[in-house]
Peer 1: 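Questions regarding the structure given below will be posed in turn.
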Amino acid sequence: MSPRFLILCGALVLASGVAAGAFGAHGLKHLVTPDLLEVWRTAAHYQLIHGAGLLLTAALWARLAPAPAAWAGGLMLAGLLVFSGSLYALVLTGARVLGAVTPIGGLLMILSWLTLAWAACKTRGGPRL
């Protein structure tokens with residue numbers, strides 16, 4: 001994991017998140033129930049937040065301990081793929097069993113933010129706990 005890779009992933013995640021939001025608003029509007037459309041919106045929302053988180057991690061990289069920063073980026077990317085991906089798949093396929101996978105993605109996203117905090121604490125001159 002490198003800052004350059006995080007920037008690439010963050011930009012692609014954000015671009016596809018905007019596309020997913022537009023597809024949900026215009027393409028799925030008359031094809032799925034309002035409840036499923038809300039699930040789609042949640043997936044796009046979290047995708048956009050964590051795409052920005054990837055860019056933030058890359059931007060802060062030089063001020064963070066590199067190993068935990070790399071872990072934070074990897075966990076964030078994995079979490080958003082599992083979380084948003086499972087929700088998108090649930091809406092598109094109707095396979096409700098995919099909802100059981102979603103909390104794993106959420107846990108990975110939470111761990112990514114905690115690891116980012118740890119990366120700040122491990123940096124010389126960073127906050128001390």
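As the structure is a computational prediction, the values presented were derived from the model and not from experiment. For reference, positions follow the sequence shown, starting with 1.
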Peer 1: Are Val82 and Tyr88 linked, directly or through other ILVMFWY residues, by side chains that come within less than 4.5 angstrom of each other?
Peer 2: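 They do not share one cluster, since no chain of ILVMFWY contacts under 4.5 Å joins Val82 to Tyr88.
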Peer 1: Measure the spacing between NZ of Lys29 and CG of Leu37 and express it to the nearest 0.5 Å.
Peer 2: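 Going from the NZ atom of Lys29 to the CG atom of Leu37 covers 8.5 Å.
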Peer 1: What pairs of residues pass the side chain to side chain donor-acceptor pair (under 3.5 Å) test when at least one of them lies in residues 3-24, not counting sequence neighbours?
Peer 2: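 Side chain to side chain donor-acceptor pair (under 3.5 Å) check on residues 3-24 returns Ser16-Gln47.
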Peer 1: Please list every donor-acceptor pair under 3.5 Å in which a side-chain atom of residues 56-75 meets a protein atom from a residue at least two apart or in another chain.
Peer 2:
unit_1, atom_1, unit_2, atom_2, d
Thr57, OG1, Gly53, O, 2.9

Peer 1: List the atom pairs, with distances to 0.1 Å, where a side-chain N or O of residues 94-112 and a protein N or O form a donor-acceptor pair under 3.5 Å, not counting sequence neighbours.
Peer 2:
unit_1, atom_1, unit_2, atom_2, d
Thr102, OG1, Ser86, OG, 2.7
Ser112, OG, Met109, O, 2.6

Peer 1: Does Tyr46, at its OH atom, have more than 12 non-hydrogen atoms belonging to other residues, nucleotides or ligands within less than 6.0 Å?
Peer 2: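 Counting other residues, nucleotides and ligands, OH of Tyr46 stays at 12 neighbours or fewer.
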Peer 1: Less than 4.5 Å apart, any side-chain heavy atom of Leu80 and any of Leu54?
Peer 2: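 Heavy-atom side-chain distance check passes, below 4.5 Å.
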Peer 1: Has Trp40 got a side-chain atom pairing as donor or acceptor with Leu92's backbone, closer than 3.5 angstrom?
Peer 2: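 Side chain of Trp40 to backbone of Leu92: no pair is present.
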Peer 1: Are any non-hydrogen side-chain atoms of Leu48 and Leu14 less than 4.5 angstrom apart?
Peer 2: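 Heavy-atom side-chain distance check passes, below 4.5 Å.
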Peer 1: Would Val18 and Ile7 show up in the same hydrophobic cluster when neighbours are defined by side-chain heavy atoms closer than 4.5 Å?
Peer 2: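 Same cluster: Val18 reaches Ile7 through Ile, Leu, Val, Met, Phe, Trp or Tyr contacts under 4.5 Å.
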Peer 1: Once you round to the nearest 0.5 Å, how far does CG of Leu55 lie from CG of Leu6?
Peer 2: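 One gets 8.5 Å once the value is rounded to the nearest 0.5 Å.
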Peer 1: Is any side-chain heavy atom of Trp118 closer than 4.5 Å to one of Leu114?
Peer 2: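 Leu114 vs Trp118: side chains apart.
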Peer 1: Show your working on side-chain contact (heavy atoms from CB on, under 4.5 Å) between Leu81 and Val13 and close with a plain yes or no.
Peer 2: CA-CA 9 Å; Leu81 290 172; Val13 163; 5.7 Å; no
Peer 1: Could you tell me whether a side-chain N or O of His45 sits under 3.5 Å from a main-chain N or O of Arg41, the two making a donor and an acceptor?
Peer 2: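 A pair under 3.5 Å: no.
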